[in-house]
Amino acid sequence: MITLYDEDANAIGEVTRERMRAENLWHGCATIVVRSVDGERVYVHKRTDTKDAFPGLYDCTAGGVIDAGESPAVAAKRELREELGVESPLTFLFQTTYVDGLTRYHAWIYETRTDGPFVHQPEEVAWGGWMDLAELRVKIADPDWALVPDGRVISQEWLRRTSSS
């Protein structure tokens with residue numbers, strides 16, 4: 001079960017993940033940008049070919065759907081631990097929404113700084129490694145780079161917000 005949200009990001013109930021996907025219902029995601037301690041690199045990973053959403057594509061964030069009864073912050077800690085096997089302090093950055101023809105959700109964006117070590121969840125992460133922040137900016141702007149579509153949009157917003165602060 002996952003938390004069901006309304007259009008204004010208010011939690012309004014619970015629903016199965018399957019129903020959320022089938023009916024394109026509003027849900028919540030906790031998203032974490034994992035930066036190196038020096039802030040110069042971002043941890044990027046490739047999703048497994050068996051993921052239910054955007055299989056086999058690259059992602060420059062960790063994260064996932066907020067489970068029933070979880071707050072975004074609790075979900076972010078859980079997702080970071082599950083996907084990358086690390087526990088590291090999180091800083092909340094901003095909340096945004098993502099909508100396309102297949103999904104619509106509210107995203108709570110966090111950042112953490114850690115140099116690992118990382119232990120990938122084999123069902124979700126096929127490969128992972130560091131990418132220089134300058135290289136990542138170029139890759140995100142390249143429409144031919146096989147990046148998850150929501151990750152591209154959210155990362156562009158993250159880059160805009162971090163370069164102006």
Considering all heavy atoms of both residues, which atom of [X] and which atom of [Y] are nearest to each other, and what is their separation?
X    : Y    : result
T31  : A107 : OG1-CB, 4.3 Å
A30  : I66  : N-CG1, 4.0 Å
A141 : P143 : O-CD, 3.2 Å
G128 : H120 : N-CE1, 3.4 Å
W130 : T114 : CH2-O, 3.2 Å
D59  : G151 : OD1-CA, 4.5 Å

Are [Y] and [X] co-members of a hydrophobic cluster defined by side-chain heavy atoms under 4.5 Å apart?
X    : Y    : result
V44  : I154 : yes
I32  : V86  : yes
W127 : L136 : yes
L4   : I2   : yes
L90  : V33  : no

Salt bridge or not between [X] and [Y]? Use side-chain N to carboxylate O under 4.0 Å.
X    : Y    : value
D132 : R41  : no
E124 : R47  : no
E70  : R78  : yes
R113 : E111 : yes

Look up atom [atom1] in [X] and atom [atom2] in [Y], then write down how far apart they are to the nearest 0.5 Å.
X    : Y    : atom1 : atom2 : result
L80  : E87  : CG    : CD    : 8.0 Å
Q121 : E79  : CD    : CD    : 8.0 Å
C60  : K139 : SG    : NZ    : 11.5 Å
M131 : S36  : CE    : OG    : 13.0 Å
T3   : I12  : OG1   : CD1   : 10.5 Å
F92  : W108 : CZ    : CH2   : 8.5 Å

- Message: Take a 6.0 Å sphere around CD of E7 and say whether it holds more than 12 heavy atoms from other residues, nucleotides or ligands.
- Response: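 No - once you tally the heavy atoms of other residues, nucleotides and ligands closer than 6.0 Å, there are 12 at most.
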Review point. What residues, two or more places apart in sequence or in another chain, satisfy side-chain hydrogen bond (donor to acceptor under 3.5 Å, both in side chains) together with T97?
Key: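 So T97 forms no side-chain hydrogen bond (donor to acceptor under 3.5 Å, both in side chains) with any residue.
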### Message
Just to verify, what does Y58 make a side-chain hydrogen bond (donor to acceptor under 3.5 Å, both in side chains) with, not counting sequence neighbours?
### Response
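With neighbours one apart ignored, the set is empty.
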Q.
Please check: side-chain N/O of D115 versus main-chain N/O of V37, any donor-acceptor pairing under 3.5 Å?
A. yes
Mind checking whether [X] and [Y] have side chains closer than 4.5 Å, heavy atoms only?
X    : Y    : result
L133 : R35  : yes
R19  : L25  : yes
L57  : L147 : no
N24  : R104 : yes
H45  : E83  : yes
Y98  : P149 : yes
L84  : V119 : no
V138 : W145 : no

Looking only at side chains, do T48 and T50 share a donor and an acceptor under 3.5 Å apart? yes
Side chains of T112 and S88: donor-acceptor distance under 3.5 Å anywhere?
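Yes, a side-chain donor-acceptor pair sits under 3.5 Å.
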Centroid separation under 6.0 Å, is that true for the rings of W26 and H106?
yes
- Is the centre of the Y110 ring less than 6.0 Å from the centre of the W158 ring?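 No, they do not, as the ring centres are separated by 6.0 Å or more.
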Could you check K46 against V125 for side-chain contact (heavy atoms from CB on, under 4.5 Å), going step by step and ending with a plain yes or no?
CA-CA 6 Å; K46 186 172 184 190; V125 179; over 6 Å; no
Which of T162, I109, T96 passes side chain to side chain contact (heavy atoms under 4.5 Å, CB included) with E157? Answer is T96
Practice problem: Run the numbers on M20 and V65 for side-chain contact (heavy atoms from CB on, under 4.5 Å), then give the verdict. | Solution: CA-CA 11 Å; M20 174 269 292; V65 175; 4.3 Å; yes
**Study point:** side-chain contact (heavy atoms from CB on, under 4.5 Å) between D150 and Y105, intermediate numbers included
**Key:** CA-CA 10 Å; D150 57 337; Y105 64 84; 2.5 Å; yes
